[in-house]
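Read the structure below first, then the notes.
Side chains included, hydrogens not; waters and symmetry mates left out as well; all remaining heavy atoms used. In what follows, chains carry the letters A, B, and so on, assigned in the order in which the sequence lines appear, proteins first and then strands, with residues in each chain numbered from 1.
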Amino acid sequence: MDFSPLRGFRVLLPEEARILQRVEDTLRTVFTLYGFEEVVLPTLEPFSLFERKSGEEIEKHMYTFTDFGGRKVALRPEFTPSAARLFVQRAGELKLPVKWSYFGSVFRYDEPQKMRYREFWQAGVELIGASSVESDLEVISLVIDSMLALGFKDFRVEVNDVRIFREMLGQEGFNPDQQYRVMLVIDKRNKVSEETFERDLLAALDGRKELFDRIMFVLGLRKKSPGESLAILEEPKLRQVIERLIKLFDLGKEVGLSKWILFSPNIVRGLAYYTGMVFEVLVEGIPYSVCGGGRYDNLISLYGGPDIPCVGMSFGVDRLVEAAMEKRIIKVGERRPVFVAYIGQELKPLALKTARDLRMAGIKTDVELRERPLSKQLEYANKRGCKLAVLLGKRELERKAVKIRDLDSGEELEIPLDRLIEEIRGKLA
RNA sequence: GCCGCGGUGGCGUAGCGGUAGCGUGGGGGCCUGUGGAGCCCCUGGCCCGGGUUCGAAUCCCGGCCGCGGCCCCA
């Protein structure tokens with residue numbers, strides 16, 4: 001009988017769980033500072049909720065089953081549809097813009113590989129009801145501050161607008177399906193050789209050399225500012241889109257964010273549902289993006305709500321953890337516990353009471369639970385990483401005193417029993 | 001769904017056709033009031049299923065799992 005976890009599912013030991021939680025707590029703090037309020041959404045949803053947004057094909061990548069009520073249900077593969085549904089149901093009582101955040105794991109039935117699991121953690125926000133450049137920047141700013149709060153220094157937010165290529169291709173008579181195929185090629189720009197890329201791109205463009213050249217030209221504008229780009233781009237239809245990007249970058253500059261924001265025309269996020277600005281966050285030397293987001297103005301109406309614009313993003317929390325470990329920026333510092341040891345079984349009740357007193361005083365405390373000899377108790381305390389041990393022994397108790405041992409230095413100190421808590425507080429400080 | 005490499009105690013490894021060893025961890029002892037040292041004992045393993053063979057951890061096939069890649073990535 002094999003009870004192993006399922007393929008692609010992970011078990012986190014205390015050290016790893018602690019790091020994950022630390023990352024989540026940091027994100028939660030920043031999200032809150034930006035005024036996003038956390039909502040808790042169902043893990044299991046009607047399958048149709050996801051089908052609506054992503055189409056039937058999506059079932060191949062989801063965990064679905066029929067419940068005892070005969071309903072077709074699915075483990076959530078993302079949060080956005082649940083948030084959109086919640087908004088639609090409550091739209092009447094919500095003041096716009098609505099700012100929500102969410103945390104939790106999502107499930108996707110893919111082949112596991114590096115940084116791709118079947119259950120992974122996300123943390124994201126949805127900003128519903130604002131179409132302004134300011135709302136785009138609000139999300140990007142939140143992302144940058146989150147990265148900084150986590151301790152990342154060398155990261156960049158690569159920003160684009162999906163309308164740039166869509167407009168170009170649309171003008172040339174490419175239908176959305178054909179456009180999508182071109183976008184897929186562009187998305188892979190950095191993953192394949194330049195020759196392969198150019199060959200595939202030309203093929204996706206039906207061999208239209210002149211269009212190919214224009215796209216290559218735009219792609220060449222990577223890392224240039226949108227301002228520069230506009231100056232050399234003679235695409236009247238694109239003017240509006242580029243002007244909006246320029247506004248975004250100018251605004252970012254005024255807010256002091258330009259150091260991290262980068263124009264990157266090859267970011268297309270491979271998704272059909274984005275309608276404007278899109279971005280990804282990349283950390284120097286890490287081959288996968290840790291965050292992605294953008295504007296999807298027809299999301300709410302897709303779920304039967306009013307025509308309300310929407311921008312959002314989500315962090316891959318696992319990927320942040322992995323990247324942070326790689327960059328060694330995680331401080332795993334933890335409050336070290338105090339250990340209450342006792343010598344002689346008759347002191348067991350006093351040991352338990354002492355442990356509880358310490359805990360009630362807010363001091364993280366372990367106590368001997370196995371009736372072992374003192375040497376073993378101390379050995380265990382050391383393995384647990386305890387900073388101090390309280391030694392309860394008859395000899396000292398006759399004088400109403402206990403010993404405190406510093407497990408790092410080995411130093412021992414006898415103190416009156418009624419001063420125990422203050423002494424320990426002092427030692428731990 | 002496809003391709004490559006791999007799977008030996010909890011973890012790390014040796015063995016690569018003939019009794020499965022070591023390190024570490026865990027439990028205990030030497031030590032009935034002072035630990036992380038040392039010595040000793042115990043614990044516990046060849047991913048699963050077929051096949052080849054007198055004999056398989058070892059060779060072959062399939063599956064499962066892991067790692068990496070392709071496809072994909074809401």
Handout entry: Partner nucleotide, any strand, of B:A14 [Watson-Crick/G-U, under 3.5 Å]
Key = none
Completion exercise
side-chain contact (heavy atoms from CB on, under 4.5 Å) filter on A:Glu412, not counting sequence neighbours, yields A:Leu391, A:Lys403, A:Arg405
Practice task
Spell out yes or no: do the side chain of A:Glu412 and the base of B:U34 have one donor N/O and one acceptor N/O closer than 3.5 Å?
Solution key: yes
Handout entry: Contacts of type side chain to side chain donor-acceptor pair (under 3.5 Å), residue A:Arg181, not counting sequence neighbours
Key = none
Handout entry: Nearest-angstrom distance, P atom, B:U53 to B:C60
Key = 16 Å
Fill in the blank from the handout: Taken to the nearest whole Å, CE/A:Met183 to C1'/B:C73 is 16 Å
Handout entry: Span that lies between the C1' atom of B:C11 and that of B:U43, in whole angstrom
Key = 15 Å
Fill in the blank from the handout: B:U19 -> Watson-Crick or G-U wobble partner, both distances under 3.5 Å, gives none
Exercise for the section: Counting Watson-Crick and G-U wobble pairs only, both distances under 3.5 Å, name the nucleotide matched with B:G33, or none. Expected result: none
Exercise for the section: Provide the full list of ring pair (Phe, Tyr, Trp, His ring centres under 6.0 Å) pairs with a residue in residues 31-50 of chain A, sequence neighbours left out, each pair given once. Expected result: A:Phe31-A:Phe103
Practice task
Give a yes or no on whether a salt bridge exists between A:Glu167 and A:Arg163, defined as a side-chain N under 4.0 angstrom from a carboxylate O.
Solution key: no
Practice task
Under the side chain to side chain donor-acceptor pair (under 3.5 Å) rule, collect the residues that match up with A:Arg356, sequence neighbours excluded.
Solution key: none
Exercise for the section: Would you kindly give the CZ-to-C1' distance between A:Arg405 and B:G33, to the nearest whole Å? Expected result: 11 Å
Exercise for the section: Report the residues that fulfil salt bridge (Lys or Arg N to Asp or Glu O under 4.0 Å) with A:Asp357, sequence neighbours left out, ordered by chain and then residue number. Expected result: A:Lys353
Practice task
Take atom C1' in B:G4 and the same atom in B:U58, then report the distance between them in whole Å.
Solution key: 22 Å
Exercise for the section: Take the protein atom CD of A:Glu346 and the nucleotide atom C1' of B:U32, then report the distance between them rounded to whole Å. Expected result: 12 Å
Fill in the blank from the handout: In whole angstroms, the gap separating P of B:C67 from CD of A:Glu322 amounts to 11 Å
Exercise for the section: Could you walk me through whether A:Val283 and A:Leu320 pass the side-chain contact (heavy atoms from CB on, under 4.5 Å) test, one step at a time? Expected result: CA-CA 9 Å; A:Val283 176; A:Leu320 283 175; 5.9 Å; no
Using atom names, set out every protein N or O paired with an N or O of nucleotides 69-71 of chain B below 3.5 Å, distance rounded to 0.1 Å.
residue : atom : partner  : partner atom : Å
B:C70   : N4   : A:Gln113 : NE2          : 3.4
B:C71   : N4   : A:Gln113 : NE2          : 3.2
B:C71   : N4   : A:Arg116 : NH1          : 3.3

Practice task
Can you tell me, in whole Å, how much space there is between the P of B:G9 and that of B:G49?
Solution key: 16 Å
Exercise for the section: Would you list the pairs meeting salt bridge (Lys or Arg N to Asp or Glu O under 4.0 Å) in which at least one residue belongs to residues 302-319 of chain A, sequence neighbours left out? Expected result: A:Arg10-A:Asp318
Problem - Pairwise P distance, B:C47 and B:A57 [rounded to whole Å] - result: 10 Å
Exercise for the section: Could you check which nucleotide pairs with B:G26 in any of the strands shown, counting Watson-Crick or G-U wobble with both distances under 3.5 Å? Expected result: B:C42
Completion exercise
Contacts of A:Asp200 meeting side-chain contact (heavy atoms from CB on, under 4.5 Å) (sequence neighbours excluded), chain-then-number -> A:Val185, A:Thr196
Exercise for the section: Indicate, with a heavy-atom threshold strictly under 4.0 Å, whether A:Lys383 touches base, sugar-phosphate, or nothing. Expected result: sugar-phosphate
Handout entry: Identity of whatever pairs with B:C5 - Watson-Crick or G-U, under 3.5 angstrom
Key = B:G66
Fill in the blank from the handout: With sequence neighbours left out, the residues meeting side chain to side chain donor-acceptor pair (under 3.5 Å) with A:Asp110 are A:His61, A:Arg116
Problem - Sugar-phosphate only, base, or nothing, as touched by A:Glu396 at under 4.0 Å among non-hydrogen atoms - result: base
Problem - Cationic tip of A:Lys53 above A:Tyr273 ring, under 6.0 Å, 45° of axis - result: yes
Exercise for the section: Figure out the CG/P separation between A:Leu6 and B:C65, and round it to whole Å. Expected result: 9 Å
Handout entry: Whole-Å P distance, B:G45 and B:C5
Key = 31 Å
Practice task
Using a heavy-atom cut-off of under 4.0 Å over every strand shown, decide if A:Gly344 touches base, sugar-phosphate, or nothing.
Solution key: nothing
Practice task
Any chance you could lay out the side-chain contact (heavy atoms from CB on, under 4.5 Å) test for A:Asp206 and A:Glu172, step after step, and finish with the verdict?
Solution key: CA-CA 11 Å; A:Asp206 281 335; A:Glu172 297 296 328; over 6 Å; no
Fill in the blank from the handout: In whole angstroms, the gap separating C1' of B:U34 from CG of A:Asp408 amounts to 16 Å
Exercise for the section: Take atom OH of A:Tyr342 and atom C1' of B:G33, then tell me their distance rounded to the nearest Å. Expected result: 14 Å
Exercise for the section: Taking atom P in both B:U13 and B:G7, compute the distance separating them and give it to the nearest angstrom. Expected result: 10 Å
Practice task
Kindly point out which of B:G33, B:C67, B:C73 is positioned nearest to the side chain of A:Tyr117?
Solution key: B:C67
Problem - Of residues 369-376 of chain A, the positions that come close to RNA chain B - non-hydrogen atoms, cut-off under 4.0 Å - result: A:Arg370, A:Leu374, A:Ser375
Please list every donor-acceptor pair under 3.5 Å in which a side-chain atom of residues 81-88 of chain A meets a protein atom from a residue at least two apart or in another chain.
residue : atom : partner : partner atom : Å
A:Ser82 : OG   : A:Glu45 : OE2          : 2.8
A:Arg85 : NH1  : A:Glu45 : OE1          : 2.9
A:Arg85 : NH2  : A:Glu45 : OE1          : 3.2
A:Arg85 : NH2  : A:Glu45 : OE2          : 2.6

Practice task
Establish, with yes or no, whether the OP1 or OP2 oxygen of B:G66 is under 4.0 angstrom from a side-chain nitrogen or oxygen of A:Arg7.
Solution key: yes
Exercise for the section: Take atom C1' in B:C48 and the same atom in B:G38, then report the distance between them in whole Å. Expected result: 43 Å
Handout entry: Cation-aromatic face contact A:Arg118/A:Phe107, 6.0 Å, 45 degrees
Key = no
Practice task
Select base, sugar-phosphate, or nothing to describe what A:Gly8 touches, counting heavy atoms under 4.0 Å on all strands.
Solution key: sugar-phosphate
Is there any protein nitrogen or oxygen under 3.5 Å from a nitrogen or oxygen in nucleotides 9-12 of chain B, and what are the pairs?
none

Handout entry: Between B:G36 (C1') and A:Lys387 (NZ): distance, integer Å
Key = 15 Å
